[in-house]
Structure formats: structure tokens, C-alpha cells
There are 2 protein chains.
Amino acid sequence: MDDISPIRAKSGTNQEGTSAHNRRVMIEALRLNGALSRADLARATQLTKQAVSNIIEDLESDGLVVALDAVRKGRGQPSTPYRLVPEGAFAIGLHIDRHLTRAVAVDLMGSVLARAEANLPFDEPSKGVEIILKLIAGVRRDLAGISAQSEKRLVGLGVAMPGPFGLKDSDDKWMMPAWQKFPLLETLAKGTGLNVGLQNDAAACATAERIVGAAHGVDHAVCLYVGYGIGAGLILNGELYSGGHGNAGEIGMALLAPAGPGSTPLEHRASLASLYQHLDLNPADSDIYEQMNALVLAEDTKMMAWIDGAAHDLRWSVHLIETIFDPKTVILTSGAPEALARRLVEAMHPLLPSIADRPARNLPRLQVGTTDPWSIALGAAAAPISRAFDPLFSAILKTRSAPA
Amino acid sequence: MDDISPIRAKSGTNQEGTSAHNRRVMIEALRLNGALSRADLARATQLTKQAVSNIIEDLESDGLVVALDAVRKGRGQPSTPYRLVPEGAFAIGLHIDRHLTRAVAVDLMGSVLARAEANLPFDEPSKGVEIILKLIAGVRRDLAGISAQSEKRLVGLGVAMPGPFGLKDSDDKWMMPAWQKFPLLETLAKGTGLNVGLQNDAAACATAERIVGAAHGVDHAVCLYVGYGIGAGLILNGELYSGGHGNAGEIGMALLAPAGPGSTPLEHRASLASLYQHLDLNPADSDIYEQMNALVLAEDTKMMAWIDGAAHDLRWSVHLIETIFDPKTVILTSGAPEALARRLVEAMHPLLPSIADRPARNLPRLQVGTTDPWSIALGAAAAPISRAFDPLFSAILKTRSAPA
DNA sequence: GCATTAAGTCAACTCGCTTGACTTAATTAG
DNA sequence: CTAATTAAGTCAAGCGAGTTGACTTAATGC
């Protein structure tokens, strides 16, 4: 809400906001519950049958929902369920990592329809952007081949890359300094003509878990992402929380002790970077994934030692996260092979006691999320879809001209 | 959103929601900016002059705002500023602590108009509730003496007490086990006829800081509360965050190390309870506050040692909070004397490096908040006012019957 | 077969923001 | 000292979106 005017206030709203909200509520309800009839929707959203009917009619003519066959379920007129149309909207997701970039095209349901990857020069963002733009153009072309509507229905480009963003100029090699300084979003917006949004990789991972993974429909969840670095994606009250300056969840820099010899950033102990170092692997190797997988399956001593060490610190990170956030569940995701993630989670048990030790839980305290290396790109793509279709407070408010 | 129906969906909204939101936005704008004219409000909220005019007229006839004298500020017709009327609403706040309970009555602006305290039997909630009900009745009587409108304009009773709530049955003496099991809210609701809400003491403290303190108008702030225990009140996106089960911020149980000898709950090192133990003080002493103050002013060796130890752990807590939440500021508040809190914050400097080390900050990373022992009760009272008058997402939604 | 139950529609209504013209009242230019 | 300009605020008609209540449709159950 930074504004030219010195007066600080939230926006008001009007019927447009009302209607936008109700549309989004319908879409979310269909996303969470599968197909629902108008009557179901009316009950669930507390709107009148008539209001729902009008909205559904609109959504149908916009190509966002379709009617299924009527179903008889007891007395009364059979109901006509509606479901979301996957081709109702598309988005592009971009994952920029240290040595690699991946782009995907997804539909409204979060299904990946096209994907492409390329190597990236670590220190030359201007060259990198050219590669990225080509990658995006390719994915877009593939998408256009799948759906003729795709270009019209493209809601945006989501970018995920390692944070934190906007700190003091730093040459910390963990942070891709050259990329931090490059006007990436502007360049991509110009180069693609799309709305561009940025989040860190852990946030994207949480978004992916929320849209198609273990956090689907969970309003309070934390997603630990063990990638080259480590971060936490925070889903609070059903929305991704990004903090006062967009860096919430950047726990890689959290010190493991207040002082003394143990005062190391978590990232130096429990991240793939630390694994590479510990095992003397080269992250730029094209078969690095297979190498890691093989070492886990072979129960390599050094690998097991790293897992134990990382699990020790991660166990405690989970404890702190639970204590601070009181989430319904914590999801561990990783860019590492699934076997490694599973071993890691196993090694983290038994978990430390915390307020999450409740009598009645219906979700596990800690679970393994996706380890698909494409999931960050998927989450990045899900962000513009969420912005466009999920019920958000901000979506109700009037906007001056264009939203930030 | 737990519901009888298995269908999960957010509520829709209608014109009532629109109007409710806009009223709240006006009130918040006046609270944050002092007096504003209708034209100012129209610009700030993006509503039309006419819409604002109607809403202000309503608010005026409801006794929530009044016009001030017209002011000339350049060309054009002079504007008529409006400000909030403190007597527009009242709330009762109740702070239940281990040996003591405090009740306050506050007005719409958060000014304390009446207060009362009493000792509380630690282990007999049924007796305690009688004392509390008498205390509340007294405060209410005092309030009625100040404003004839008070009873009509009483929006609710806010209760703050040490958490966490709803865990496994535990006899942990830190947690007031007898009170945890007692049906407190129901009893108070029946006994007072008011809407009753509960939060933990740190959350109440954050609410107090937000309404009248250092977090006034700050949308991302964390309030560390060093009381008998220790907790953090989280203000995220301008709203208090309470987690999946209402226990977010209960960092007293956070372990200071993953294992080994240092694996102590923070509460055992940096809370007034630990201070009492360290200095062999009796928290039930009526002059405990003065005793502490004297020891700080005298720079008592043991006191200084405790401060250094606690500061060591708190410094690191701030580091973790900054790293996880990326707040605009961290506020340390305490039930201890101001001198102690100041010494503690001094001893915490220099702070550990974190992502909060940004080039352009306009708020300090760490500041001392209120140390008024009544501020928890004030924050408790502010909660129902906030629920009734602040722009909240939930306030827009239709409700089935009564909100939870 | 007829009563009952439930989905969904129709058409009139209402509420609250918007629109655009208008009034009021100040400052500034000539 | 007027006239032009600027800005606050009002008036009255308009409109969009959800609401209301009666009605239609189409099943099941006794």
C-alpha cells in the first residue's frame, strides 16, 4: 500500500469486488471438491441458488467450467454437477537455478502441458535472459500446439529463483549476486508481454504442494525445501506469506546457535550444496541426480553420514517451525532424488516434542512432498493462476490502475 | 471453515459485505491518519466522494465519527475533517496470569477508562472465575459511570492468558493445567452476556502494540513478550496470526539446541520465571515489580548475569524470527519494569546478522515496546474492537448464523 | 398414483456504489 | 473588486449484483 499520497488506508470495494470474489470462491470450491452442482455451491458459499446460477452461467460462457451429466441422488430433481475446465487458463512457470533453468506451461488445474530446460551461465544474466526468453518462447509454442486458446488465456509468467532478494549488495556466492542485480522482471515482462511475478524457490515449492500436492486444501502448512540452498514456503490462512520485504521463509541463513563454533547457517549443513561439498560432487554434472540416487541406494557411508547430520539439524528446524507457526503439517520437499528425501525424513524421526504433539491430528507432523525437480517451475506457474483465480482479500479491493 | 457439510469452500459475499468492509476501511483510515475529510477518504480508499459521504453520514449517526471545524487549505471549498469518537465503542479486556488477574475497559481508541486487579488462586479455576466475574462487573460499573452509552456500545470481552491451548493433557506447571481444562470461555460468556474471545498473552501484547504502540500501522511486525513465560505475537499482513490451532508464536517451548546439554526450552532461560528462579524471588510477592526494578537500578550482579544470559538467547531468537518472518520490526515487550527491558535490549546488541540487515530501513530492527503491566489486558480488550471495526477478510464474508 | 423432496428458474425487488451535473466557498489573477 | 479557477461536497438518476418468493421440473417413496 505504498502510495504517493501520505494517507494510509486500505481500498474500499464495490459490486465488482463482490462479484470477483464470488467467482473466485466458486472456482476454489470446484478445485477443492471436484464437481459440484449449483445447489451444492449455494450451500457451501452461503449464496442464494440464484446468485450461484448466474455466476456459474458466466463462468460457463467464459469457458472456465462445464456441466457434467445430471446425477440422481435420492428424491428431487437430479443435480447437474459442474467442474473446472483445465483449458480455462494457462500460465508459464520459470525456475531459475544456479546452473540450470526450467520452464513449464500449466493449465488451470496445475497439469504440466509443456516443459523445457537449459543450462544457464552462472554469472552472466544478460546472456542468461536470452536463453530464458528462448525457452519460454518454445514452451509457449508447444502450448499453442495443444490449445488454440492458449495465448488468449495465458494469465501470466511466474518466476522462482533462490532468494533472499533486495539485501545489501553482497557477493555471497550462495546468492547468485549477478542475478540479484539484474533487472530480471522488467526484462522478462518486456520480452514476453506477460505479467511477471517473482517468488523464491521455497515459496514456489509450497505453491506447488498447495495446488497439486500434500498441502492441497490445507490452510496452514509449511513447506521445507531442500534444494541447492534451503528455504521454507509458508502457507498461512490459505495464502502464501512472503513477509515485509518478500523474504519470509529464507531460513537458509538461520544460525544454528547463537554464538560459538556451532554458529553456522543452516544452509551450510542441510542443503544440497553442503551435500555436494561433503561428497565432493560437482553440481554442474548433468547426471548429478543419478549420482546422488546411486549413493543413497548403495547406502554410501559418506552419504549416510551427511543424511544423519542434516537430519539432526532439520529435525530441529521442524521443531522450531512447529513451535512458531503451529501449522497443520510440515512438508519436506527437495530437488534431490526421492530416495534421498525419504531417507532424510526417516532419519529425522523420532521428531522432537513440540506443540504439534496434539491428541487429535489428522495430518502427519512431517511428510514427504514431491521431489520432482520440475515442481519449482510448476509452483512458479501456479502463482499467477492463484493470483487470478483464488479468493484473496486483495482481489476484492478496488485498484487505482494496475495491481503491483 | 470446519463445517457439518463435507464441502469445503469459502463464503461468498454480497452488498452487505461490501458495505461492512467500506465502513471498516473508513474507520481504519481515521484511526491511522487522525482526522480526514470526506474527499481525503475518497482518494485514499478509491471510493467515490458520494459513497464516502453516505458512509460517513451513517457512521456519524451511529456515533462513531464526528465532524471537526472546517479547515481552509488553499483554493476550493474548505474541507470538513472527521475523526473517530472514542466513546463510539467499548470493550472489556481480561488478563489472566498465574497469580493475578487484571481487567480493563477501553474505548474505540484504545484508551483505558477503568481498571481493576485481583489475586487469583492458581489451581482453582471455579473459584477464580467468581473473582473474575466480580472484577469484570466492577469495571463495567465504572465504565457505565463514565459513559451512559457504554453498555449499549460494549462490543465484547477479550481474554488473554498464557498458552499454548488444547494440547495433550499435561501437568506442566508452566501451563496452568487446571485452567486449561476449565470451560472458561463458556462460563465467562454466560456470566457476562458478552461475546468472548481468547488469545495468548503474547498475541494480546502484539495487539496492544498495534493499536496504541510501536506497531501502530505496521503490517509486518513481531512482538516478543517476556512475561512469566515468553511468547511472540505475530502481526502478518496487518492481522494477528494465530496458526492452525491458535498456538502460533508459543516460542517458550522452543528448544535452544537440537540435542545435548543445551537443549533447553527458551522459556527456562529467558522468561521472568527463570529470573525469579535465578534470583530466588517469589513471583507472588506484591512488590515483586519494585524488587526487580531496584535490582536493575543497583546493577545487582546476579541480575546482570541473568540479563546477559537471557540476552544471549533472545538475540538469537530475534535472529531466527527475522530470518523466518522478514518483519519490518521486532518489538520487545515485557511484564518486567521498563529499566529491565531496556537493559535487556541493550544487552542484546549488537544483533546477529540477518536478512533484516537491509540498506534502507525506516524502523529499527529491534525496539522496546510498552512495559506497562496492564498492556496485556489492553491488548485483550483491543481484540474485540479490532474484530468489530478493522477491515478483515472474514468481515466481508457471509455468515451462516454466528461467527465462530 | 399422489405426496414429498430437491434442483433449478423467473421476475420483481433492494441495497449500495457510480455517474455526471450542480452548488458552495475558498484562492488567485488581472 | 471582480472573474476565473480550484476543490469539497450534494443531488438525483442509474446500474449491477445478490435476494426474495413463487414456480417449474423431475426424481423417490409410500
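The chains referred to below are lettered A, B, ... by the order of the sequence lines, with proteins before strands, and numbering in each begins at 1.
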Output yes when at least one side-chain N/O atom of [X] is less than 4.0 Å from OP1 or OP2 of [N], else no.
X: A:S53; N: C:dT9; answer: yes
X: B:T80; N: D:dG9; answer: yes
X: B:N14; N: D:dT19; answer: yes
X: B:S37; N: D:dG9; answer: yes
X: A:R43; N: C:dA7; answer: yes
X: B:R38; N: D:dT10; answer: yes

Given atom [atom1] of [X] and atom [atom2] of [N], what is their separation to the nearest angstrom?
X: A:I56; N: D:dG18; atom1: CD1; atom2: C1'; result: 15 Å
X: A:H21; N: D:dG16; atom1: NE2; atom2: P; result: 21 Å
X: B:E60; N: D:dT10; atom1: CD; atom2: P; result: 10 Å
X: B:E57; N: C:dC17; atom1: CD; atom2: C1'; result: 15 Å
X: B:K49; N: C:dC17; atom1: NZ; atom2: P; result: 17 Å
X: A:K73; N: D:dT28; atom1: NZ; atom2: P; result: 13 Å
X: A:D69; N: C:dA7; atom1: CG; atom2: C1'; result: 16 Å
X: B:I55; N: C:dG16; atom1: CD1; atom2: C1'; result: 8 Å

Shortest side-chain distance from [X], nucleotide among [options]:
X: B:T48; options: C:dC17, C:dA7, D:dG9; answer: C:dC17
X: B:A39; options: D:dG18, C:dA7, D:dA8; answer: D:dA8
X: B:R75; options: C:dC17, C:dT9, D:dT6; answer: D:dT6
X: A:Q15; options: D:dT19, C:dG16, D:dA27; answer: C:dG16

Checklist entry - Quick one: does B:Q50 reach the base of D:dC11 with a side-chain donor-acceptor pair under 3.5 Å? => result yes

Next on the checklist: Heavy-atom nearest nucleotide on DNA chain C for A:T13 versus A:D40: which residue maps closer to 5'?
Outcome noted: A:D40

Checklist entry - Is the CZ atom of A:R72 crowded by more than 12 outside heavy atoms at less than 6.0 Å? => result no

Item to check | Close side-chain approach of A:M109 and A:I211, heavy atoms under 4.5 Å | outcome: no

Checklist entry - Does some side-chain heavy atom of B:V155 sit less than 4.5 Å from a side-chain heavy atom of B:I385? => result yes

Next on the checklist: Using a heavy-atom cut-off of 4.0 Å across all strands, would you classify A:N22 as base, sugar-phosphate, or nothing?
Outcome noted: sugar-phosphate

Checklist entry - What is the nucleic acid contact for A:S19, judged by heavy atoms within less than 4.0 Å: base, sugar-phosphate only, or nothing? => result sugar-phosphate

Next on the checklist: Any salt bridge linking A:E151 with A:R140? Criterion: basic side-chain nitrogen under 4.0 Å from a carboxylate oxygen.
Outcome noted: yes

Checklist entry - Aromatic rings B:Y241 and A:F325: how do their planes relate, parallel, tilted or perpendicular, breaks at 30° and 60°? => result perpendicular

Next on the checklist: Would you call the rings of B:F393 and A:H21 parallel, tilted or perpendicular, taking 30° and 60° as the class edges?
Outcome noted: perpendicular

Checklist entry - Of B:Q77 and A:A51, whose nearest nucleotide on DNA chain D comes first from the 5' end? => result B:Q77

